[in-house]
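Below is one structure, written out as structure tokens; the observations come after it.
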Amino acid sequence: MVEHNGGSSYISCGSVTAVNGEWIRLIGSIIMPPDTKTAGLYFETNYKSVPESEDLIDIYIDDIVVKKVDIVGVDMDFTPLYEIHKDYFKIGVGIVSYEIGRTEYTSIVKQHFNSITMGNEMKPDYILDYETCRKDIEKYNLEPAIRYDNLDVGLKFAKENGLGLRGHTLVWHSQTPDWFFREDYSKDESAPLASKEVMLARLNSYIRQVITYCQENYPGVVYAWDVVNEAIEVDDGNEGGYRSKDSLWYQTIGSEFVEMAFTYARKYADPEIKLFYNDYNCNIYGKVLAIYDMAEELKAKGLIDGIGLQSHYGLRDPSIIDVQSTLERYGKLGLEIQITELDINTDSNTEEDLLKLGTRYKKLMNLYRYMVDKGLANISSVTIWGLSDKNSWLNDKKRKYPLLFDDYLQPKDAFWGFYLHDSIPSY
Ligand code: G3I
């Protein structure tokens with residue numbers, strides 16, 4: 001129970017099902033603005049319940065960790081993050097199914113975001129059904145078998161909570177199984193690649209099945225699809241601006257796979273669903289030009305609605321001016337822009353660096369709003385790539401602190417910077 005504004009109430013910020021006689025762990029957090037008496041409450045407790053009678057339960061509590069408990073007099077109903085930016089764009093977060101299963105995460109998502117992107121579960125390696133494909137190769141050769149359970153997790157959560165969902169991602173060289181590109185769906189990596197005709201048929205069928213399933217079963221939930229992800233790479237060894245070395249899409253179909261993917265997506269997607277090309281390092285000179293040219297051609301054919309800028313940034317790189325000129329350039333295409341996977345790679349969590357991170361987020365959010373205000377870029381959503389530092393993909397080799405919430409789901413200066421709160425310096 002939480003006391004606030006002289007009253008008291010129950011706030012749902014974490015729950016678990018207790019099993020008789022077994023220890024369970026309950027974790028949750030309550031978020032409050034920095035200018036109130038305290039920055040927040042975090043609790044984590046182990047407890048064991050032993051039913052004495054039908055309506056009397058003893059609860060044993062152990063190992064309670066509580067931070068900053070002085071919350072009397074706090075306004076709990078402060079403006080949610082998405083409301084702060086509601087006149088500009090949707091505010092989204094990348095989440096995974098593990099988090100959807102836990103109230104401590106979902107309570108924050110429901111409170112502060114109006115869009116989600118599944119970090120992994122809507123990618124081909126989570127959807128393609130190898131066992132069924134292999135059971136009847138003739139039947140599934142041109143119409144790959146799909147499993148829907150992984151798709152359902154995010155779609156169901158979004159639908160139940162009135163959230164929009166960015167579908168990520170239909171066509172990508174990564175997280176698409178190697179066997180999908182081989183004759184007879186062979187797992188032998190020396191087996192021949194399937195022909196161009198076969199791969200075009202598989203591409204068409206996969207896009208049709210996934211898009212159709214989402215819109216028929218969860219109408220209005222998906223508002224944008226990343227149709228193609230990371231097809232452009234201007235490094236040495238890649239052909240004509242396209243990622244060729246490590247892309248089996250390129251190696252089986254050629255650069256035409258991009259246009260064909262958009263053609264199929266346009267054919268099957270409901271007209272209000274926006275089709276995006278999504279990529280990282282979109283500010284690097286050669287890559288900007290290659291993406292621009294490709295998108296211009298797709299636009300002329302009426303196949304694309306927007307560019308997704310992943311925006312995996314550093315604390316200093318790219319500069320705000322660089323981000324601005326990149327946005328301006330893509331803005332000139334007259335397509336929508338979405339910031340699809342924003343995070344700021346930082347390996348220090350000193351107070352000073354966390355404040356710098358807050359300022360960096362504040363500068364970016366101010367820039368995005370400025371670009372919209374001036375009509376320079378039609379930014380329609382901004383998504384942060386993960387909720388808690390603890391679960392960031394950037395922790396792969398070394399501990400990082402890139403996101404808005406810390407390991408205990410407490411809002412960091414980064415959150416208040418993103419919120420454009422006065423407590424965070426703008427420069
Ligand atoms: O599912 C397997 C599991 O079975 C296995 O035991 C475990 C062992 O490592 O790996 C699990 O898969 C991991 C998967 O995330 C789910 O946790 C992969 O190894 C891991 O590589 C994968 O990382 C994802 C990465 O894409 C893969 O490219 C990240 O979570 C995800 O955040 C990241 O997101 C991408 C965007 O889709 C596209 N833009 C770049 C961005 C960052 O890489």
Side-chain angles (χ1 to χ4, degrees), residues 92-102 105 109 113 115-131 147 149-154 165-181 187 206 210 222 224-235 243 245-249 258 261 275-284 287 291 306-314 317-318 326 337-347 381-405 407:
V93 60
I95 51 172
V96 293
S97 55
Y98 161 86
E99 293 166 326
I100 287 181
R102 287 170 169 72
Y105 293 100
V109 176
F113 297 89
S115 168
I116 58 166
T117 307
M118 295 310 290
N120 283 303
E121 292 79 352
M122 293 177 79
K123 293 170 177 172
D125 61 351
Y126 281 72
I127 298 175
L128 286 165
D129 180 349
Y130 174 73
E131 275 69 35
R147 44 181 293 186
D149 50 348
N150 286 322
L151 276 173
D152 285 330
V153 181
L165 186 146
R166 295 196 79 262
H168 175 78
T169 173
L170 292 169
V171 178
W172 192 19
H173 66 281
S174 178
Q175 287 188 282
T176 306
D178 181 88
W179 58 261
F180 184 62
F181 297 93
K187 276 196 176 173
Y206 179 81
V210 174
V222 175
W225 277 107
D226 286 333
V227 177
V228 177
N229 196 39
E230 301 173 9
I232 297 289
E233 196 48 86
V234 290
D235 286 355
R243 177 190 296 277
K245 278 188 298 185
D246 57 355
S247 169
L248 290 178
W249 283 117
V258 175
L275 305 182
F276 276 73
Y277 174 76
N278 191 48
D279 213 330
Y280 62 96
N281 284 350
C282 293
N283 54 306
I284 288 175
K287 202 161 173 178
I291 293 174
I307 304 280
L309 307 183
Q310 294 184 8
S311 311
H312 297 293
Y313 290 159
D317 260 358
T326 303
I337 293 174
Q338 295 186 348
I339 310 300
T340 54
E341 304 176 17
L342 179 62
D343 51 20
I344 297 173
N345 194 339
T346 165
D347 46 19
S381 76
V382 177
T383 293
I384 182 101
W385 201 237
L387 198 58
S388 151
D389 281 346
K390 191 165 70 173
N391 301 336
S392 167
W393 71 286
L394 290 165
N395 289 325
D396 195 22
K397 294 192 177 68
K398 194 167 175 244
R399 190 58 227 265
K400 300 292 171 81
Y401 306 92
L403 298 171
L404 308 187
F405 293 88
D407 292 8

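Ligands are counted one by one from 1 in listed order, and the atoms in each one are counted from 1 as well. Computed from heavy atoms alone, side chains included, the values below leave out hydrogens, waters and symmetry copies.
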Output yes when a protein non-hydrogen atom is found under 4.0 Å of atom 16 (C) of ligand 1, and no otherwise.
yes
When Gln310 is tested against each of Asn229, Thr340, Asp343, Asp226 for side-chain hydrogen bond (donor to acceptor under 3.5 Å, both in side chains), which residue passes?
Asn229
Going by the atom numbers of ligand 1, which of them fall below 4.0 Å from some non-hydrogen atom of Gln310?
38 (C), 39 (N), 40 (C)
Ligand 1 to His312, heavy atom cutoff 4.0 Å, flagged ligand atoms 40 (C), 41 (C)
Residue, atom name and distance, where the atom is the protein heavy atom closest to atom 33 (C) of ligand 1:
Lys123 NZ, 3.7 Å
For Tyr126, the atoms of ligand 1 under 4.0 Å from one of its heavy atoms are 1 (O), 14 (C), 16 (C)
Among all protein heavy atoms, pick out the one at the shortest distance from atom 27 (C) of ligand 1; state its residue, atom name and that distance to 0.1 Å.
Gln175 OE1, 3.1 Å
Does only the side chain of Tyr280 get under 4.0 Å from ligand 1, or the backbone, or both, or neither? Count heavy atoms.
neither
For Asp178, enumerate each residue passing the side chain to side chain contact (heavy atoms under 4.5 Å, CB included) test, keeping only those at least two apart in sequence or located in another chain.
Arg182, Glu189, Leu248
Could you list the atoms of ligand 1 found under 4.0 angstrom from a heavy atom of Glu230?
38 (C), 39 (N), 40 (C)
What protein heavy atom sits nearest atom 41 (C) of ligand 1, and how far away is it?
Glu341 OE1, 3.3 Å
Verify the contact flag for atom 10 (O) of ligand 1, where contact means a protein heavy atom under 4.0 Å away.
no
How far apart are the closest heavy atoms of Lys390 and Asn395, and which atoms are they?
O-ND2, 3.3 Å
Contact check, side chains of Trp172 and Asn278, non-hydrogen atoms, under 4.5 Å
no
Examine Asn229 against ligand 1 and note whether any of their N/O atoms are separated by less than 3.5 Å.
no
For atom 32 (O) of ligand 1, what's the nearest protein heavy-atom neighbour? Residue, atom name and distance, please.
Trp385 NE1, 3.0 Å
Give me the nearest non-hydrogen protein atom to atom 30 (O) of ligand 1 as residue plus atom name, then the distance to 0.1 Å.
Asn120 ND2, 3.0 Å
Under 4.5 Å between any side-chain heavy atoms of Asn281 and Lys287, yes or no?
yes
Protein contact for atom 2 (C) of ligand 1 (heavy atom, distance under 4.0 Å):
no
Could you tell me whether some N/O pair between Trp393 and ligand 1 is separated by less than 3.5 angstrom?
no
Check: Thr169 and Gln175 side chains under 4.5 Å, non-hydrogen atoms
no
Verify atom 13 (C) of ligand 1: protein non-hydrogen atom under 4.0 angstrom away:
no
Backbone N or O of Ala231 within a donor-acceptor pair of the Tyr277 side chain at under 3.5 Å?
yes
Protein non-hydrogen atom below 4.0 angstrom of atom 7 (C) of ligand 1 present
no
Quick one: does atom 25 (C) of ligand 1 have a protein heavy atom under 4.0 Å from it?
yes
Check whether any side-chain heavy atom of Lys400 sits under 4.5 Å from a side-chain heavy atom of Ser392, and report yes or no.
no
Salt bridge between Arg243 and Asp279, side-chain N to carboxylate O under 4.0 Å?
no
Here the pair of heavy atoms bringing Asp129 nearest to Trp179 is C-CH2, 4.2 Å
Determine, counting only non-hydrogen atoms of the protein, whether one lies under 4.0 angstrom from atom 19 (O) of ligand 1.
no
Non-hydrogen atoms of Ile337 and Phe276 that approach each other most closely:
C-CE2, 4.3 Å
Under 3.5 Å, is there a donor-acceptor pair between the side chain of His312 and the main chain of Glu341?
yes
